[in-house]
Amino acid sequence: MPLTATTILVCAGGACISAGEESVKQTLEAEIDRYALRDVVRVVETGCMGACSLGPLMVVYPEGVFYQKLTPQAARKIVEEHILKGRIVSEYLYKMPTGEAVPEAVEKLPFFSRQVKIATRNVGYIDPSNIEEYIARDGYFALAKVLKEMTPEEVIDEIKKSGLRGRGGAGFPTGLKWELTRKSKGEKKYIVCNADEGDPGAFMDRSVLEGDPHTILEAMTIGGYAIGANQGYIYVRAEYPLAIERLNIAIAQAKEYGFLGKNILNSGFDFDVEIRIGAGAFVCGEETALIASIEGRRGQPRVKPPYPAQSGVWGLPTVINNVETFACIPPIIIKGAQWFKSIGTEKSPGTKVFALAGKITNTGLVEVPMGITLRELLYEIGGGSSTGKKIKAVQTGGPSGGCIPSEYFDTPVDYESLQKLGAIMGSGGMIVMDEDDCMVDVARFFLEFTVDESCGKCTPCREGTRQMLQILNKITAGEGTEEDLQQLETLANVIKDTSLCGLGQTAPNPVLSTLKYYRHEYEAHVKEKRCPSLKCKSLIRYVIDPTKCVGCTACARVCPVKAISGEVRKPHSIDNEICIRCGSCIEVCRFGAISKVSP
Amino acid sequence: MVDREKVSALVKEAKSERLEERDVLINTLHKVQDYFGNYIPIEAAEVVAEELGVPKSKVYEVLTFYTMFSTKPRGKYVIRVCVNLPCHVTGGREIVQTLQETLGVKFGETTKDGLFTLETTSCLGLCGVAPVIMINDQYYGDLTPKKLIELINSLRNGGDTK
């Protein structure tokens with residue numbers, strides 16, 4: 001076999017695919033063939049590299065040069081210049097905020113250098129469809145170690161000592177969950193991977209499933225051995241077809257190599273994994289609803305206890321862990337609990353993968369030690385605001401979480417600190433908002449989501465969230481009263497205390513946290529009928545500054561409802577009775593003459 | 001007219017893929033929906049109930065609980081728009097508006113030519129390139145109203161999802 005001189009890793013994560021990765025890769029391969037380089041250059045499609053806003057991406061090894069925002073022309077040029085002549089093509093390199101290109105290896109770029117990758121250690125580095133690449137990076141070594149050298153109790157003990165906590169949101173100690181399930185009596189036990197990632201703004205599970213599916217299979221097998229289960233289920237949401245495809249490939253390969261099935265690695269231990277596909281129901285991420293869905297029923301939660309550790313799938317003891325939690329298991333087994341504990345904070349050891357989304361320069365996935373401050377995360381790694389306006393708040397934990405205002409950005413990120421602020425860690429989604437975002441609108445938005453996704457079983461969640469949404473709609477329409485604000489708060493607390501499952505219990509959090517930190521915005525809507533962020537359409541008007549307007553007619557032509565009138569070369573005006581506040585006119589005006597005002 | 005034998009064959013196929021047979025319903029419905037394009041005729045759902053030996057009401061309750069299943073025929077292209085916060089703050093509101101105006105339908109409706117059905121979806125996990133929509137199995141990110149209109153027009157003119 002000829003020696004490969006150059007390896008090109010092409011990111012085939014969902015974001016890069018949607019940005020045109022396929023045509024980049026095709027051009028790359030065609031060019032490599034054209035110059036007869038097939039024997040010395042290898043092109044590998046990997047999982048998500050994390051820097052989603054910069055895609056399509058590739059990294060050229062051995063140098064580790066990182067290229068971004070690629071097009072087929074870029075691919076052609078990189079083969080001609082970099083691969084053939086050894087000259088780095090600077091126009092596609094990573095750029096500093098100053099615009100300066102960074103020719104350094106990928107690990108040294110600001111976006112990557114602060115990261116510590118444990119759960120995503122292979123994502124973006126290996127071909128997820130090739131089990132041998134996983135094995136080459138110590139894949140299935142942890143499984144071999146567990147089956148050959150450790151008793152189930154020792155495995156549980158190691159995980160307990162590591163202090164690993166559930167990465168799905170609640171942060172329950174994983175080792176304890178395993179121990180409880182091991183001790184429960186049942187003719188059969190199950191291990192379930194919760195891959196029903198539904199929190200808006202969180203996509204780390206997706207990236208692990210798509211980029212490193214074998215790690216989930218290995219960890220589930222280890223878990224199965226530890227708790228005494230021979231059967232596992234991966235519950236994946238149907239919105240992730242690529243993850244399902246890659247998992248299916250991985251399962252077939254693991255069976256072929258003897259890492260799944262009967263008598264794994266000659267240990268006498270049998271374990272099998274099946275995929276269950278959801279069908280579009282957010283509540284199925286709640287563990288008892290997920291169990292119902294696995295059993296082929298409506299995904300409605302039930303009262304706990306009994307917890308799944310006592311009564312899970314088919315009423316039998318079941319462990320349910322999140323994707324990212326599982327992805328931490330093999331490294332803990334190989335490197336030991338002490339190593340894991342040495343990273344992160346005392347009560348929240350290890351790392352956490354965060355998904356940066358919204359108005360931030362470097363959107364994408366980052367894995368960092370717990371305890372990093374929000375400021376470091378959002379500014380040093382995330383590159384700060386993408387709009388040039390000040391970051392106002394970050395929303396963590398999706399519809400169950402809360403908004404953290406910028407005054408608190410020096411808070412370390414761990415389970416307890418975030419909870420103290422009225423937010424939660426959740427699955428790690430961080431949605432960044434700037435001064436243009438109205439916090440009442442954000443709260444309303446989440447409530448709309450909860451109303452939609454409430455399964456309808458318990459009254460506080462089904463009816464209560466609907467009432468809250470109505471009040472919020474009133475407020476954003478400028479019809480709210482001060483009693484409404486009180487009502488909203490009372491309702492929020494009742495729903496929190498009386499809902500059946502986690503969805504309802506946490507649904508009021510976005511409202512409560514915005515009321516806590518941004519009460520003045522609510523009051524502006526209610527008392528002054530004004531939206532300070534100029535977002536709520538009923539409370540704003542569009543106006544044309546006659547001193548700036550030159551009468552070019554561009555706005556009048558683009559207005560879809562003909563609300564703008566005026567003669568050529570004379571200042572125009574907007575009829576706010578007709579105007580639908582779509583913003584098209586502001587976009588086309590080259591003179592900055594149109595602005596929004598409230599009231 | 002629904003081909004009952006074909007539906008029975010699909011149910012048998014779904015059953016054969018299982019280690020355990022009890023939980024086959026959702027998977028079977030996925031198969032049946034894929035076969036009919038993108039919906040499940042009531043008659044086909046009845047065959048599923050018969051073949052699995054479960055009450056029709058159980059099939060119906062599952063069918064209507066999950067948003068991805070439909071008992072109404074949907075268009076050739078099902079457009080699912082992410083209506084979550086990361087997409088909302090990056091221009092999703094304009095995307096929703098453009099789609100409804102360009103297609104002339106609201107959420108849950110199908111265009112008269114039978115080409116497009118407009119639906120919402122929960123987060124697609126592509127927030128890095130928000131706003132995002134999904135057309136059948138394909139994702140489209142970093143959308144602007146202009147890009148979206150081009151995309152719709154190309155599909156109208158017989159173009160393919162990429």
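Labels below follow one simple rule: chain letters A, B, ... track the order of the sequence lines, proteins then strands, and each chain is numbered from 1. Values below: every heavy atom of this structure, side chains too, minus hydrogens, waters and symmetry copies.
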query = Using 4.0 Å as the upper bound for N to carboxylate O, is an ion pair formed by A/Asp434 and A/Lys392?
reply = no
Of A/Ile294, A/Val313, A/Ile360, the largest count of non-hydrogen pairs under 4.5 angstrom with chain B goes to A/Ile294
Applying a strict 4.5 Å limit to non-hydrogen atoms, the region of B/Ser122 in contact with chain A is both
Cut-off 4.5 Å, heavy atoms of chain B, and the answer for A/Ile431 is side chain
Turns out that what part of B/Arg93 lies under 4.5 Å from chain A's heavy atoms comes down to side chain
Applying a strict 4.5 Å limit to non-hydrogen atoms, the region of A/Arg206 in contact with chain B is side chain
| request: Say whether, by atom type as modelled, one donor and one acceptor occur between the side chain of A/Ser293 and the main chain of A/Ala289 under 3.5 angstrom. | output: no
Cut-off 4.5 Å, heavy atoms of chain B, and the answer for A/Glu448 is neither
The interface call for B/Glu61 against chain A, heavy-atom contacts under 4.5 Å, is both
Okay, A/Cys16 and chain B: the region with an atom under 4.5 Å from a heavy atom over there is neither
If you tally heavy-atom pairs under 4.5 Å between each of A/Ala202, A/Gly299, A/Gly398 and chain B, the highest tally belongs to A/Gly299
- Message: Checking the side chain of B/Ser70 only, and the main-chain atoms of B/Tyr39 only, is there a donor and an acceptor separated by less than 3.5 Å?
- Response: no
- prompt: For A/Asn362 and A/Ser53, does a side-chain donor sit closer than 3.5 Å to a side-chain acceptor?
  reply: no
If you tally heavy-atom pairs under 4.5 Å between each of A/Ala279, A/Gly13, A/Ala357 and chain B, the highest tally belongs to A/Ala279
Would you verify whether the NZ or CZ of A/Arg276 falls within 45 degrees of the ring axis of A/Tyr190 while also being under 6.0 Å from that six-membered ring's centre? no
So, the part of A/Ile580 with a heavy atom under 4.5 Å from chain B: the answer is side chain
Of all heavy-atom pairs linking A/Val236 and A/Ile244, the shortest is CG1-CG1, 3.9 Å
**Prompt:** Donor-acceptor pair, A/Asp196 side chain versus A/Gly285 backbone, under 3.5 Å?
**Reply:** yes
| message | Taking the six-membered ring for Trp, are A/Phe282 and A/Phe449 closer than 6.0 Å centroid to centroid? | response | yes
Scored by heavy-atom pairs under 4.5 Å with chain A, the best of B/Val62, B/Thr90, B/Leu85, B/Ile26 is B/Leu85
Nearest heavy-atom contact between A/Cys403 and A/Met439 is SG-SD, 4.1 Å
Counting heavy-atom pairs under 4.5 Å with chain A, the top scorer among B/Glu94, B/Gln97, B/His30 is B/His30
Counting heavy-atom pairs under 4.5 Å with chain B, the top scorer among A/Gly358, A/Ala15, A/Cys455, A/Ala281 is A/Ala15
- Query: How about B/Lys31: does its NZ atom have over 12 heavy atoms from other parts shown lying under 6.0 Å from it?
  - Reply: yes
With chain B, the option among A/Phe203, A/Tyr240, A/Phe445 that has the most non-hydrogen atom pairs under 4.5 Å is A/Phe445
Residue from A/Arg237, A/Glu197, A/Gln300 scoring the most non-hydrogen pairs under 4.5 Å with chain B is A/Arg237
